[in-house]
Every structure is written in C-alpha cells, then in structure tokens.
Amino acid sequence: MTRALNPRDFLGSSDEVARMLIGCVLLIDGVGGRIVETEAYDREDPASHSFSGPTPRNQAMFGPPGRAYVYRSYGIHWCLNFVCREEGHGAGVLIRAIEPQHGVQTMRERRGLDDLRLLCSGPGRVGQALGVTRELNGCRLDQAPFEVLAADDVRQVLTGPRIGISKGVETHWRFAEAGSRFLSRPMR
DNA sequence: CGAACGATTAGCT
DNA sequence: GCTAATCGTTCGA
C-alpha cells in the first residue's frame, strides 16, 4: 500500500522536503510517475523567486504548505513547485524530472515525442507532459487532480548545485535519484 | 512606462 | 557547445 502525502509532510525545510520527495509518485489526473529530481528554494536564498518577498506571481509560495506553486518560465514553459515549510515563509521545491510510469501515451501526445527518456526530464517538460497550467497554482496536492504518493522503496539520493541560476550557486540544493536515466542532466 | 531578464528547451553546428 | 524563441514579471526612471 502506498500512502498519499498530506500537508503535514510538507512542513519541513525545503531541502528536507526536496530530498524526501525523491522516489515519491506524482500524478495529475492519473498521469505522471516517480519523482527523480528536485530542487529546493527558500526565502533566505538569493536564487529563489521568494527572496524579495511576496509579489503577485509568487504569492502561492507564501501560502499554505502542501500546495502547488506554478510559474511561467522564459515565457514558454509551466513549471511546478511544491510549497513547504510554514505558511508565509516562501519556501518551495521545484519538480525537475519524473520517471514516466502512468499515462505514458497521454504524455507522448502532449510532448509530441516517443522517447520515454525525453518525456519528463526537465521542469518545463514535466509541466507539458503532466498538463500543468496556471489553473493549478495554489491547488492542494492531496486533492484532485493531484496525487502525491510516498516513496515505497528507498534509493540513494545525490546532491549538487542547482541548474540555471546565477545567485546562490554555492547552495547545493539539487537532489536526484542515483543512477536514474530520467534526470534533466547527469548529476556529477 | 520602458526595458531587462529569466528556477528552459529544441534545434543546429 | 551556442542560440533563438517568447512573454510575464520585476524594477528603475
């Protein structure tokens, strides 16, 4: 039996939650799979959207934990975060890569690709494959259309520097499942 | 109000 | 490896 995560599971610091999420299963309307790569962000973190305080875009990051924070990246991609820590803090975990398991055909159609390895290996790709849109911003992760299931097996988690940021480079808050073929980039 | 800049990706060299 | 695509958000004047 796999347990569904509830808001209490997201009370930890963003790096703790980001590590915990590796191996958990994320589904949106039944489509998704195993989370294999995450990154943590926090209010006291110059790389974070929340660093300069609440704005219209990042308000979900300052809302209750256990909900989604969705933002548009480079004017093109929808990226999905899980809000964590206490309400008002501004902490979150970016879902960077998933191992496709459920609704693979739907994901292939949304992505216009067949290659399993390229379906969800990057935050923008995850958004497209799982059908993430602005409407999901602020939605609870323990209610439809979301399902987040606790990891049922433990594998080694690697850490390293986050990708695509210019500040906070020294904070190694990227987490990935060791040996996964579905990472956005290999973990050194 | 204008302008710079992304928590990226795909496609080409 | 390099860069265009593409547009909402943020910040300075």
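Sequence lines set the chain letters: A, B, ... in the order given, protein chains first and strands last, and positions in each chain run from 1. Owing to the predicted nature of the structure, the values given are computational and were not obtained by experimental measurement.
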Open item on the list: Looking at A/Arg134, I'd like to know whether one of its side-chain N or O atoms comes within less than 4.0 Å of OP1 or OP2 on C/dG8.
Closed with: no
Open item on the list: Could you tell me how far apart A/Met61 (CE) and C/dT10 (P) are, to the nearest whole angstrom?
Closed with: 12 Å
TODO: Return the nearest nucleotide to the side chain of A/Arg125; candidates are B/dA7, B/dA10, B/dT8.
DONE: B/dA10
TODO: Pick base, sugar-phosphate or nothing for A/Arg162, based on heavy-atom distances below 4.0 Å to the nucleic acid.
DONE: nothing
TODO: Calculate the interatomic distance between A/Lys167 atom NZ and B/dG6 atom P; express it in whole Å.
DONE: 8 Å
Task: Stacking check A/Tyr71 vs B/dA7 (5.5 Å / 30 deg) - done: no
- [ ] Considering non-hydrogen atoms only, spot the tightest contact between A/Met107 and A/Cys120 and give its length.
- [x] SD-SG, 3.6 Å
Open item on the list: For the residue pair A/Gln128 / A/Arg111, report whether a side-chain donor-acceptor contact shorter than 3.5 Å exists.
Closed with: yes
Task: Side-chain donor-acceptor pair present, A/Glu99, A/Ser180, cut-off under 3.5 Å - done: no
TODO: Please state the C1' separation for the pair C/dT3 and B/dC5 - nearest whole angstrom.
DONE: 16 Å
- [ ] Hey, which sits more toward the 5' end of DNA chain C by its nearest nucleotide, A/His77 or A/Thr55?
- [x] A/His77
Open item on the list: Tell me the interatomic distance from A/Tyr74, atom OH, to C/dG8, atom P, rounded to whole angstroms.
Closed with: 16 Å
Task: Rounded distance (Å) that lies between atom P of C/dA5 and atom CD of A/Gln128 - done: 19 Å
TODO: Would you mind pulling out the nucleotide paired to B/dT8, Watson-Crick or G-U wobble, both distances under 3.5 Å?
DONE: C/dA5
Task: Length of the line joining A/Tyr41:OH and B/dA7:P, which is rounded to integer Å - done: 7 Å
Task: Interatomic distance where CH2 belongs to A/Trp78 and P belongs to B/dA7 [whole Å] - done: 15 Å
Task: Donor-acceptor contact present, side-chain A/Arg162 to main-chain A/Gly168, <3.5 Å - done: yes
Task: Options B/dT8, C/dC11, B/dA10, nucleotide nearest the side-chain atoms of A/Ser73 - done: B/dT8
TODO: Indicate, with a heavy-atom threshold strictly under 4.0 Å, whether A/Leu94 touches base, sugar-phosphate, or nothing.
DONE: base
Task: For atom CZ of A/Phe51 and atom P of B/dG6, their distance in whole Å - done: 14 Å
Task: Whole angstrom value for the distance that separates C1' of C/dT10 from CZ of A/Arg57 - done: 8 Å
TODO: Using the closest heavy atom to pick a nucleotide of DNA chain C for each, name whichever of A/Pro56 or A/Ile76 lands nearer the 5' end.
DONE: A/Ile76
Open item on the list: My understanding is that only one of A/Val83, A/Leu21, A/Asp142, A/Val93 makes a side chain to side chain contact (heavy atoms under 4.5 Å, CB included) with A/Phe10; could you say which?
Closed with: A/Leu21
Task: Phosphate OP1/OP2 of B/dA10: any A/Arg111 side-chain N/O under 4.0 Å - done: yes
Open item on the list: Please confirm whether the shortest side-chain N or O distance from A/Arg96 to OP1 or OP2 of B/dT8 is below 4.0 Å.
Closed with: yes
